[in-house]
Amino acid sequence: MRAALVEAARAEAIGEVPVGSICVKDGVAVGSGFNLRECAQDPTAHAEHIAVRVAAAALGSWRLIGVTCYVTLEPCAMCAGALVNARVARVVWGADDPKAGAVRSLYGIGTDRRLNHTFEAVPGVLGPECSAQLSAFFGRIRAKKKGPQRR
């Protein structure tokens, strides 16, 4: 998860929402990514999507059997669906997302036994650090919009 936090910091450094993701197989990182929606003007350029694409290319297969995906924020419906379709074994995230989280907060994508594949869901790993990174980012944005304080 610490490596995913580093990826999130890379996103923040270029003005993106700080979400990072790492795909690991047999203890080795095989894919990484961070949010690029604004830079790429691509609604699918979420950290998990990028990490999964890189992992699939590295492993030579879209089936990411035995892969754990670490992400700093609970995956949304799009990303949770992609993780199911990629056949990842486990998804580990830091901060829950009460507005868009689709693995636990709003939906059970990935753990619903009606799906053709399910994964182990592990929430809250380094949760306070992941939440703090996001909160600080959005706090700075709110402060900029507010502008200088007048007396």
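FYI, side chains are in, hydrogens and waters are out, and symmetry mates aren't considered; it's all heavy atoms of this structure.
Shown here is R53, whose CZ atom has more than 12 heavy atoms of other residues, nucleotides or ligands within 6.0 Å.
In the model, E74 has a side-chain atom that pairs as donor or acceptor with a side-chain atom of S105 under 3.5 Å.
Here the straight-line distance linking atom CG of L73 with atom CD of Q133 works out to 10.5 Å at 0.5 Å rounding. For the atom pair CZ (R113) and OG1 (T118), the distance works out to 4.0 Å, reported to the nearest 0.5 Å. Of the inter-residue distances, the one linking E7 atom CD with S21 atom OG reads 8.5 Å to the nearest 0.5 angstrom.
Ion pairing between D42 and R37 fails under the 4.0 Å rule for side-chain N and carboxylate O.
Shown here for G33 and A47, the closest heavy-atom pair between the two residues is O-CB, 3.8 Å. For the residue pair R104 and P123, the shortest heavy atom distance occurs at NH1-CG, 3.4 Å. When all heavy atoms are compared, the tightest approach of A95 to C130 is N-CB, 3.8 Å. Of all heavy-atom pairs spanning P98 and L106, the tightest one is O-CD2, 3.6 Å.
One N or O on the side chain of T111 and one on the backbone of G108 form a donor-acceptor pair closer than 3.5 Å. Within the 3.5 Å criterion, the main-chain N or O of A11 finds no donor-acceptor partner in the side chain of N35. Using a distance-only test at 3.5 Å, with no hydrogens or angles considered, no donor-acceptor pair links the side chain of H46 to the main chain of C76. The backbone N or O of I65 sits less than 3.5 Å from a side-chain atom of K25, completing a donor-acceptor pair.
Neither M78 nor L64 shares a network with the other; the hydrophobic side chains, linked directly or stepwise wherever heavy atoms of I, L, V, M, F, W or Y lie under 4.5 Å apart, form separate groups for each. Criterion: ILVMFWY side-chain heavy atoms under 4.5 Å apart, direct or through other members. Under it, L115 and V88 are part of a common hydrophobic cluster. When the side chains of ILVMFWY residues are joined at heavy-atom separations under 4.5 Å, either directly or via intervening members, V19 and F34 end up in two distinct hydrophobic clusters. Hydrophobic clustering, with ILVMFWY side chains joined whenever heavy atoms are under 4.5 angstrom apart, keeps V67 apart from V54. Transitive grouping of hydrophobic side chains (ILVMFWY, heavy atoms separated by less than 4.5 Å) keeps V84 and I50 in distinct clusters.
Legend: residues meeting side-chain contact (heavy atoms from CB on, under 4.5 Å) with A102, ordered by chain and number and at least two apart, are A77, A80, Y107, I109. Scanning for side-chain hydrogen bond (donor to acceptor under 3.5 Å, both in side chains) contacts around D97 gives an empty result, with sequence neighbours left out. Qualifying salt bridge (charged side-chain N to carboxylate O under 4.0 Å, His left out) partners for E129, counting only residues two or more places apart in sequence or in other chains: R2.
Applying the side chain to side chain donor-acceptor pair (under 3.5 Å) test to pairs two or more places apart or on separate chains, those with a residue in residues 58-69 are T68-R90.
The hydrophobic cluster analysis finds V28 isolated: no Ile, Leu, Val, Met, Phe, Trp or Tyr side chain comes under 4.5 Å of it, directly or through other members. V92 forms part of a hydrophobic cluster together with M1, L5, I22, V24, Y70, V122, V125, L126, judged by ILVMFWY side-chain heavy-atom separations under 4.5 Å.
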| request: Before giving the answer on side-chain contact (heavy atoms from CB on, under 4.5 Å), spell out for L83 and F119 the whole-Å C-alpha distance, their side-chain angles and the decisive distance to 0.1 Å. | output: CA-CA 8 Å; L83 293 163; F119 51 70; 3.9 Å; yes
